[in-house]
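Because only heavy atoms are used, hydrogens play no part in the values below, and waters and symmetry mates are left out as well, while side chains stay in. Note that the structure is a prediction, hence the values are computed from the model and not measured.
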Amino acid sequence: MRFGAGIAIISLAGFSLYKTSAPDLRVDAASLPAPSDLEHQLAPKHFVLAHSVPDSLLQEPGFGREAPRLVEQVVEVQKGDTLMELLVGAGISTAEAHEAVTALEEVFSPRHLRPGQEIKLNLTAPAQKADNAEQNRLVALRLQPSAERDVEVTRADDGGFIAASIDRPLSIEVIHAAAHIDSSLFEAGQARAVPLPIMAELIRAFSFDVDFQREIQPGDRYEILYEQYRDDAGELAKTGNILYAALTLRDHRIEVYRFTPSDGRTDYFKPNGESIRRALLRTPIDGARISSGFGMRKHPILGYSRMHKGIDFAAPTGTPIFAAGDGVITQIGRNGGYGNYIRIRHNSRYSTAYAHISRFAKGIRKGSRVRQGQVIAYVGSTGRSTGPHLHYEVLVEGKQTNPRSIKLPTGQILEGEDLKAFQAAKTEIDRLRNGLRHDRLLIARQPEEDCTDPDAPVC
């Protein structure tokens, strides 16, 4: 029995009605369950919207055969997977999988799939699979390549596939968070539900001025103003930019504001318009501890004392290593006891070196230009090494120098129209920050906090 496009079969209480050419086939209406009984007997999943499956996939089966089942399946992309392999693995024929992938390429390149990404498949599957049974048929494929959009491939009425990109509207909100630091800056951020990417960016911004291994003490404070985006359901879709951040280390307060000058290079600037960026990063690696400093030491392998002309950062194998500053790679490859090694020339005076690397980042070679903070390699234990770590050297006019003793030149200092524009942006950020601080003080005052102190965290 057929009712409109999309529904070919109605299954009622254990038996089926099929269109047939037999003229005397009759169904006793009295034997059918009452509509009210059907509501209880049939689970909601047995009801299929008329538009959800094209007629071509629900053709009337031969007498005595069951109709195909509509199945939803979610597959997760693993490292090395291709979309073709995932579709074929879901029981779809190679020809049909190729047709769907070709359609998808109009709005999204499958080569951009990331490990961990989920792909939702709607399939029709034969009710009973025999050895020679036909394969699953693809009805729709959906995935979310970014927080801002979805892409989908659906089967058209002619049996082919069409692709579409669907924008996902996001709303932006500005969040203010602040707190004392009891043990670590990361834990202090988690206590205020600050997303990890925001905390990582905060640490990266201050890494030019702050030694996070030694200078952060219990009782220090942080304050941050940042953006985040939510979808229509109110769920966090992605984090945005840090607009303002401050660290109070004992009696010393460092404040930075995000600003983009006329040269188009966004950076963090101090209230006087001076970039917090320095020529070189103090630590070209995140989340590592110093395992050996610069100076004389007993070598752990050679067994005698010798000058250690760099700083060692202990970190797990595979931890990203960043370029300490803008520059050109002058040496890359195996280098004796250093193992895998990179040297970057930053200017006529400064160079940096990175040793015991496990592997180099893609595209990095001799002569490559790199930007400060760019991933150039990954921690390892190659060469003369007792365990995974980064050996980091700063060379001043070719001589290894203690990175902690170098007074690095400052970055950009805003002038003229850029300085005026920055001061206007700073005023607006301060207005927003003070408004959010005031609102939260009214809502959640904590008696133990001195909220009259301008350096005090928000209550």
Whether E201 side chain and I198 backbone form a donor-acceptor pair below 3.5 Å: no
Salt bridge (Lys or Arg N to Asp or Glu O under 4.0 Å) pairs, two or more places apart, involving residues 166-191: D150-R168, R168-D231, E173-R230
Heavy-atom donor-acceptor pair, E148 side chain to L170 backbone, under 3.5 Å: no
Whether E85 side chain and T82 backbone form a donor-acceptor pair below 3.5 Å: yes
CA sep, side-chain torsions, deciding dist, call: Y354, Y392, ring-ring contact (aromatic ring centres under 6.0 Å, His included): CA-CA 5 Å; Y354 314 78; Y392 173 59; 5.6 Å; yes
Under 3.5 Å: donor-acceptor pair, side chain of Y222, backbone of A188: yes
Exam field: side chain R433 to backbone H176, donor-acceptor pair closer than 3.5 Å: no
Whether R114 side chain and P145 backbone form a donor-acceptor pair below 3.5 Å: yes
Side-chain donor-acceptor contact under 3.5 Å, Y338 with E393: yes
Side-chain donor or acceptor of Q372 paired with backbone N/O of R278 under 3.5 Å: yes
Any pair counted as salt bridge (Lys or Arg N to Asp or Glu O under 4.0 Å), so long as it reaches residues 335-344, sequence neighbours left out: none
Aromatic F322 / basic R204 pairing, under 6.0 angstrom, 45° off normal: yes
Between E255 and Y244, a side-chain donor and acceptor under 3.5 Å: yes
Salt bridge present between E118 and R142 (N-O < 4.0 angstrom): no
Any donor-acceptor N/O pair, T382 side chain to N340 backbone, under 3.5 Å: yes
Near-ring test F269/Y257, centroid separation under 6.0 angstrom: no
T319 side chain to A315 backbone, donor-acceptor under 3.5 Å: no
Whether over 12 other heavy atoms sit under 6.0 Å from R345 CZ: no
Polar side-chain atom of H346 near backbone of D326 as donor-acceptor pair, under 3.5 Å: yes
E72 with K120: basic N within carboxylate O range, under 4.0 Å: no
Beyond-backbone contact of I181 with I216, side-chain heavy atoms, under 4.5 angstrom: yes
Evaluation steps, salt bridge (Lys or Arg N to Asp or Glu O under 4.0 Å), between E96 and R155: CA-CA 11 Å; E96 187 166 286; R155 189 177 287 274; 2.9 Å; yes
